[in-house]
Participant: 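Dumping the structure here so I can ask a few things about it.
Protein chains get the first letters and strands the later ones, always in sequence-line order, with residue 1 at the start of each.
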Protein chains: 2
Amino acid sequence: MADQAIQIGELSRRTGCNIETIRYYERIGLMPAPPRRGRYRSYGGEDVGRLGFVRRARELGFTLDEVRALLGLAASGQASCAEVRDLAASHLQDVRARIADLKRMERVLAGSVRACDAGQDPGCPLIHALYAV
Amino acid sequence: MADQAIQIGELSRRTGCNIETIRYYERIGLMPAPPRRGRYRSYGGEDVGRLGFVRRARELGFTLDEVRALLGLAASGQASCAEVRDLAASHLQDVRARIADLKRMERVLAGSVRACDAGQDPGCPLIHALYAV
DNA sequence: ATGCCATCTGTAGCGACTACAGACTCAAGC
DNA sequence: GCTTGAGTCTGTAGTCGCTACAGATGGCAT
C-alpha cells in the first residue's frame, strides 16, 4: 500500500508545500490535525491528496476561503458540481478583471519607457505623467 | 493663490486617497508631517501634488518602496531620468510576469467551466482537475 | 557521549492598508 | 450659553497568506 505514515518533511517534499505553511493550514483548520507518532505529526495518503488539492487550487488563485468551500463541495459528492462551477466562474471573473487592470498598467508603463528611450521630452516622461494626469 | 491651507478631509477628497491611508503614509515617512493648525493637520498645494503622485504611482502597481524611490528621483531633477526608466522597466517586467501567471489561471479556469457546462464528465471536471494533475 | 538533522510550539514580521475606540475641536443653530 | 453634529485626533488591532525566527525536544548514527 502507498498509505504508510509519513512525517511533515516528507509531506512537504511530496506536495511542494512549505512545512511552515502546512502547520499554518492546520492551525486555520484547512488541513485536519493529524495523529501523532510521539510528538511528530503522522500523515497518510489522504493528506497528500488533500494538500495537493489545496496547493493546486491556490495556484489557480483561489483564496483560502474559496479553497475551504471547494474542499467541502468536493467531499459532498457530485450533486455540487453546479456550485463548484459557479465558484470557479466568479473567480474567473476576478482573474479577468485583474488581468485587465494589469494590462492598463502595462500600457502606461510601456508607453513611458518608450517615451524615455525616444528622449524627446525635456524632463522625464514618467515623472511627468505621474505629476499631472 | 491655490495654495491655501486645507484639512485632511479636503486632501482626501482632492486626491481620492483615504484619510487613514494619508495618516499611514505620514507614519511611514512617505508624506511629510504637515504643520498643525491647532491639533489639525494643515496641508498645502504641494501636498496635493505629492499625494497625487503617490496615488498614481500606486495605480501603476509600484510598491511603496518604489514610490519612495520615484519621489526621490523626481526631486533630484532631470539627471535621474535613466534611473526612473530602469525602475519602470523592471516594474514592467513584474507586471508582465503577473499577467502571464493570471492568463495561465484563466485558461485552466475557463477550460474547467466549459467542461462543466458540457457536462460530459461523470464527476465534476474542476474537482477532478484539482485532485489529480 | 556527541553530533546533527528533523520536528516541535509560540510568536512576530511582511505589505498596504483598513477599522475601530474613545477623546478632542470647532462652527452653527436654538 | 448650550447642545449637537461633523470632522479630526491618537493608538491599537485586524486583514490575507504566508514566512521567519527562537528555543526546546526527538531520534539516529558514529
Participant: Is it true that atom CZ of Arg36(A) has more than 12 heavy atoms of other residues, nucleotides or ligands lying nearer than 6.0 Å?
Facilitator: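 Above 12, so yes.
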Participant: Starting from C1' on dA16(C), measure out to CD on Glu26(B) and report it in whole angstrom.
Facilitator: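 Computing the Glu26(B):CD to dA16(C):C1' distance gives 17 Å.
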Participant: When you measure from the side chain of Glu20(A), which nucleotide among dA20(D), dC8(C), dC17(C) comes out closest?
Facilitator: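 Of the options given, the side chain of Glu20(A) lies nearest dA20(D).
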Participant: Compare side-chain N and O positions of Asn18(A) against OP1 and OP2 of dT19(D) and report whether any pair is under 4.0 Å apart.
Facilitator: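 For dT19(D), OP1 or OP2 has a side-chain N or O of Asn18(A) closer than 4.0 Å.
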Participant: Whole-Å distance between dC9(D) C1' and Arg27(B) CZ?
Facilitator: 13 Å
Participant: Distance check: side-chain N/O of Thr21(A) vs OP1/OP2 of dT19(D), anything under 4.0 Å?
Facilitator: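 Yes, such a contact exists.
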Participant: Arg23(A) has a side chain; which of dC26(C), dT7(C), dT18(C) sits nearest to it?
Facilitator: dT7(C)
Participant: Please confirm whether any donor atom in the side chain of Tyr24(A) sits under 3.5 Å from an acceptor in the base of dT19(D), or the reverse.
Facilitator: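 Flag unset: no donor-acceptor pair detected.
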Participant: Between Arg37(B) and dT25(C), does any side-chain N or O lie under 4.0 Å from OP1 or OP2?
Facilitator: no
Participant: Can you tell me how far P of dC26(C) sits from CD of Gln7(B), to the nearest Å?
Facilitator: 9 Å
Participant: Can you figure out which of dC17(C), dT25(D), dC18(D) approaches the side chain of Leu64(B) most closely?
Facilitator: dC17(C)
Participant: For a quick check of understanding: with a heavy-atom distance under 4.0 Å over all strands, which category does Tyr25(B) fall into, base, sugar-phosphate or nothing?
Facilitator: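 Counting heavy atoms under 4.0 Å across all strands, the contact made by Tyr25(B) is with sugar-phosphate only.
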Participant: Of the nucleotides dC9(D), dG26(D), dT11(C), which one has an atom closest to the side chain of Tyr40(B)?
Facilitator: dC9(D)
Participant: Working note: Leu70(A) + Phe53(A), criterion side chain to side chain contact (heavy atoms under 4.5 Å, CB included); need CA distance, chi angles, decisive distance, verdict.
Facilitator: CA-CA 9 Å; Leu70(A) 285 172; Phe53(A) 183 103; 4.0 Å; yes
Participant: Counting only side-chain nitrogens and oxygens, does Arg39(B) get under 4.0 Å of the OP1 or OP2 atom of dC9(D)?
Facilitator: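 Checking dC9(D) against Arg39(B), no side-chain N or O comes under 4.0 Å of OP1 or OP2.
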Participant: Name the nucleic acid region contacted by Ile19(B), choosing base, sugar-phosphate or nothing; use a 4.0 angstrom heavy-atom cut-off, strictly under.
Facilitator: sugar-phosphate
Participant: Using whole Å, report how far CG of Leu11(B) lies from C1' of dT8(D).
Facilitator: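 Whole-Å distance recorded here is 14 Å.
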Participant: Should we count CZ of Arg39(A) as having more than 12 external heavy atoms under 6.0 Å?
Facilitator: no
Participant: What is the separation between atom CD1 on Ile22(A) and atom C1' on dT9(C), rounded to the nearest whole Å?
Facilitator: 16 Å
Participant: Classify the nucleic acid contact of Gly38(A) as base, sugar-phosphate or nothing, counting any heavy atom under 4.0 Å across all strands shown.
Facilitator: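 The residue Gly38(A) makes no contact with any strand.
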Participant: So, Ser42(B) side chain and Pro35(B) main chain: donor-acceptor pair closer than 3.5 Å or not?
Facilitator: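 No, because the side chain of Ser42(B) does not come within donor-acceptor range (under 3.5 Å) of the backbone of Pro35(B).
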Participant: So if I take every side-chain heavy atom of Arg41(B) and compare against dC18(D), dT10(D), dT19(D), which nucleotide ends up nearest?
Facilitator: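 Among dC18(D), dT10(D), dT19(D), the one nearest the side chain of Arg41(B) is dT10(D).
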Participant: Let me spell it out: for each of Glu10(A) and Phe62(B), pick the nucleotide of DNA chain C with the closest heavy atom. Which residue's pick is nearer the 5' end?
Facilitator: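 Counting from the 5' end, the first nearest nucleotide belongs to Glu10(A).
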Participant: Closest approach to the side chain of Arg36(A), judged atom by atom: which nucleotide of dT9(C), dG17(D), dG7(D) is it?
Facilitator: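 Minimum distance to the Arg36(A) side chain belongs to dT9(C).
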Participant: Hey, does the side chain of Arg50(B) reach the backbone of Leu30(B) with a donor-acceptor pair shorter than 3.5 angstrom?
Facilitator: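 Judged by distance alone, yes, a pair lies under 3.5 Å.
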